[in-house]
Amino acid sequence: MAEVKLLGAWGSPFSRRVEMALKLKGVEYEYIEQDLANKSPLLLKYNPIHKKVPVLLHNGKTIAESLVILEYIDENWKSNPILPEDPYDKAMARFWAKFIDEKCMPAIWQIMWSKENEREKAIEEALQHLKTLENELKDKTFFGGETIGLVDIVANFIGFWLGAAQEATGMELVNKERFPVLCKWIDEYVNCSVVKENLPPRDKLIAFLRARLSASSWKY
């Protein structure tokens, strides 16, 4: 019986983040797929507050919320650190990870789920946040410098899910003309082996997003 178990969902960028960190650290784990439309007793037992994935089980202890789990993994398994040692750099990594989760992702989802008359404002907000993120990346290969770090792992939604969403909807938020630095990062990112191994099948994800949008009568 594995000492580490992960409750996740194949199309969730949040549970894929945790898988990426575990693989990067070389941690063996048992993955348990969850149906979020029909939440299992296991998920409700181990995450009764949020009732969401991912949930990490380690030696009988439960940790929920992807950012919390990522830090827990980094503190427990020291190889291939994803957070810098320097206190200031560590604080900045946490800041940008929260920026992605609290600013970038909600703005992008808002475009997809907003009414047509509200979409222009949502697009403007998303572009502004993505430009801020691009300015932080500057001339670095990854947000973590020369290697994948916490911010890169958290940015998996921008590195992969956003492209699938653009194809599913027909909108073009990120391109090389608008975001040359971010697009260069995306190319490096999706071709990095530890990232590539922990991404869902692109066609399956696009079909899933199209089905969700179709159900909500979304038009672009």
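Model, not experiment: these values are computed from the prediction.
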Side chains of Met171 and Met112 in contact at under 4.5 Å (non-hydrogen atoms): yes
When you look at Val174 and Cys183, which way does the side-chain contact (heavy atoms from CB on, under 4.5 Å) test go after all the steps? CA-CA 8 Å; Val174 172; Cys183 284; 3.6 Å; yes
Does the side chain of Asn47 come within less than 4.5 Å of Thr62's, by heavy atoms? no
May I ask you to decide if the ring planes of Trp109 and Phe157 are parallel, tilted or perpendicular, using 30° and 60° as cut-offs? tilted
salt_bridge(Asp74, Lys90) N-O dist < 4.0 Å: no
dist Leu150:CG -> Met92:CE (nearest 0.5 Å) comes out at 12.5 Å
Over all atoms of both residues, closest heavy-atom pair of Val190 and Gly159: CG1-O, 3.4 Å
Do you know the tightest heavy-atom contact between Leu205 and Gly11? CD1-O, 4.3 Å
Quick one: closest heavy-atom pair of Ile63 and Ile69, and the distance? O-CD1, 3.5 Å
For Pro48 and Lys51, the nearest pair of non-hydrogen atoms, with its separation, is O-NZ, 2.9 Å
Cluster link Leu130 to Met105, ILVMFWY, side chain under 4.5 Å: yes
Hydrophobic cluster identity match, Tyr46 and Leu36, side-chain contacts under 4.5 Å: yes
Atom of Ala97, atom of Leu67 and distance for their closest heavy-atom approach: CB-CD2, 4.0 Å
Ring-plane angle category for Phe99 and Trp96, please: parallel below 30°, perpendicular beyond 60°, tilted otherwise. perpendicular
Determine whether Val27 and Ile32 fall in the same hydrophobic cluster, where Ile, Leu, Val, Met, Phe, Trp and Tyr are linked whenever their side-chain heavy atoms lie under 4.5 Å apart. no
Could you grab the distance from atom NZ of Lys176 to atom NZ of Lys184, nearest 0.5 Å is fine? 11.0 Å
From Met20 CE over to Arg16 CZ, what is the distance, rounded to the nearest 0.5 angstrom? 9.0 Å
Go through the steps for Glu134 and Lys131 under the test salt bridge (Lys or Arg N to Asp or Glu O under 4.0 Å), then give the verdict. CA-CA 5 Å; Glu134 180 170 79; Lys131 181 52 73 177; 2.8 Å; yes
Glu167 and Arg210: CA distance, side-chain angles, deciding distance, side-chain contact (heavy atoms from CB on, under 4.5 Å) verdict: CA-CA 9 Å; Glu167 192 166 333; Arg210 279 184 177 148; 4.2 Å; yes
Nearest 0.5 angstrom please: Leu44 CG to Gln34 CD, how far? 9.0 Å
Tell me, do Val18 and Val53 make a side-chain contact under 4.5 Å, heavy atoms counted? no
Any Leu137 side-chain heavy atom under 4.5 Å of Leu133 side chain: no
State, with a plain yes or no, whether a side-chain heavy atom of Asn156 is found less than 4.5 Å away from one of Asn198. no
Roughly how far, to the nearest 0.5 Å, is the CG atom of Asn59 from the CD atom of Glu3? 4.5 Å
Mind checking the CG-CZ spacing from Asp101 to Phe14? Nearest 0.5 Å is all I need. 5.5 Å
Does the pair Arg94/Glu71 count as a salt bridge with the N-to-O cut at 4.0 Å? yes
A side-chain contact here means heavy atoms from C-beta on lying under 4.5 Å apart; do Leu127 and Phe179 qualify? yes
Looking at side-chain heavy atoms only, is the closest gap between Lys52 and Glu65 below 4.5 Å? yes
Same apolar cluster (I L V M F W Y, side chains within < 4.5 Å links), Val55/Leu22: no
Using a 3.5 Å distance criterion without hydrogens, assess whether the side chain of Gln166 forms a donor-acceptor pair with backbone atoms of Leu173. yes
Measure the acute angle between the ring planes of His58 and Trp77, then classify it against the limits of 30° and 60° as parallel, tilted or perpendicular. tilted
Are Val181 and Phe143 connected in a single hydrophobic cluster, I mean Ile/Leu/Val/Met/Phe/Trp/Tyr linked by side-chain heavy atoms less than 4.5 Å apart? yes
Could you tell me if the side chain of Trp185 sits less than 4.5 Å from the side chain of Lys140, heavy atoms only? no
